[in-house]
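One structure is given below, encoded as structure tokens.
Just so you know, these numbers come straight off a predicted model, no measurement behind them. Side-chain atoms are counted along with the backbone in the values below, which use heavy atoms only and exclude waters and symmetry mates.
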Amino acid sequence: MTSHASLFRIPVLSGVADAAVAPGAGAMVFLQLGLPTDRAGLVAESRRGFPVAVIERLAEVLGRPQQTLLRIAKIAPSTLTRRRRSPDGRLSPEESDRVYRIAAAFSDAVDLFEGDASAASGWLGEPAKALGGTAPIEHLDTEAGATQVHDLIGRLEHGVYS
């Protein structure tokens with residue numbers, strides 16, 4: 001009989017320790033974004049809504065146009081403008097969760113490339129045969145796509161090239 005664990009893959013960041021999001025260089029991504037690096041802190045901040053500035057910082061560390069991140073996170077530019085003008089200057093929890101998907105994949109890619117953020121960003125933007133010839137970053141617009149990216153990173157970390 002097949003267990004539920006084998007039927008449903010629960011996406012987790014590779015190499016995640018209980019207290020930290022990522023023990024390696026990838027943790028720096030969350031620090032650069034001004035976000036907590038511990039799981040409980042990230043969950044709380046996501047539920048509260050990330051500060052709008054996280055979008056600008058993520059675009060900067062990824063070396064990608066902000067418009068690209070907004071498209072992938074499904075946040076309209078007008079919504080971002082409204083959020084900036086709001087008293088608390090925060091994204092909604094749902095928007096924060098989608099931004100987290102991008103940051104988490106970048107963090108894992110930075111770990112994959114042993115701390116080389118430039119190489120990690122380049123890899124996210126390059127077509128990947130294992131993802132049907134599309135770039136990993138383009139898969140981060142859905143949870144299922146993000147799971148595929150995290151799975152690919154895990155395979156590459158273990159030397160399984162596909």
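- Val149 is not listed as a side-chain neighbour of Ile137, based on a closest heavy-atom distance of 4.5 Å or more.
- Within the model, atoms CG of Leu69 and CG of Leu80 stand 10.5 Å from one another, a figure rounded to the nearest 0.5 Å.
- Atom CG in Leu152 sits 11.0 Å away from atom CG in Asp108 (nearest 0.5 Å).
- Separation of atoms CD (Glu126) and OG1 (Thr134) is listed at 12.0 Å; rounding is to 0.5 Å.
- By the side-chain hydrogen bond (donor to acceptor under 3.5 Å, both in side chains) test, Thr142 pairs with no residue at all, sequence neighbours left out.
- Counting only heavy atoms from C-beta outward, the side chains of Arg48 and Pro93 never approach each other to under 4.5 Å.
- Listed for the Ser121 side chain is no donor-acceptor partner under 3.5 Å among the backbone atoms of Ser118.
- When the side-chain contact (heavy atoms from CB on, under 4.5 Å) test is applied to Thr79, the partners found at least two apart in sequence or on another chain are Ile75, Ala76, Arg82, Arg83, Glu95.
- For the pair Thr37 (side chain) and Phe30 (backbone), a donor-acceptor distance under 3.5 Å is absent.
- Legend: residues meeting side-chain contact (heavy atoms from CB on, under 4.5 Å) with Ala109, ordered by chain and number and at least two apart, are Ala120, Trp123, Leu124, Ile153.
- If you take CG on Leu140 and CZ on Phe106, they are separated by 12.0 Å, rounding to the nearest 0.5 Å.
- Contact annotation: the side chain of Leu42 never approaches that of Arg39 to less than 4.5 Å [non-hydrogen atoms, C-beta and beyond].
- The heavy-atom pair separating Ala146 from Arg101 by the smallest distance is CB-CD, 3.7 Å.
- Side-chain N or O atoms of Ser107 include none that pairs as donor or acceptor with a backbone N or O of Ala103 at under 3.5 Å.
- Scored by the side-chain hydrogen bond (donor to acceptor under 3.5 Å, both in side chains) test, Arg90 finds Glu45 as partners (sequence neighbours excluded).
- For the atom pair OG1 (Thr68) and CG (Leu58), the distance works out to 11.0 Å, reported to the nearest 0.5 Å.
- Rounded to the nearest 0.5 Å, atoms CG (Leu112) and CD (Glu157) are 5.5 Å apart.
- Salt bridge Glu56/Arg84: present, at least one basic N to carboxylate O contact under 4.0 Å.
- Arg98 meets the side-chain hydrogen bond (donor to acceptor under 3.5 Å, both in side chains) test with no other residue; sequence neighbours excluded.
- Within the structure, salt bridge (Lys or Arg N to Asp or Glu O under 4.0 Å) pairs that include any residue of residues 133-142 comprise Arg71-Glu138 (at least two apart or interchain).
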Criterion side chain to side chain contact (heavy atoms under 4.5 Å, CB included) on Val99 and Leu33, from CA distance to verdict:
CA-CA 11 Å; Val99 169; Leu33 298 180; over 6 Å; no
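- Scanning both residues, Ala59 and Pro65, for their nearest heavy atoms gives CB-C, 4.4 Å.
- Val110 places none of its side-chain heavy atoms less than 4.5 Å from the side chain of Asp116.
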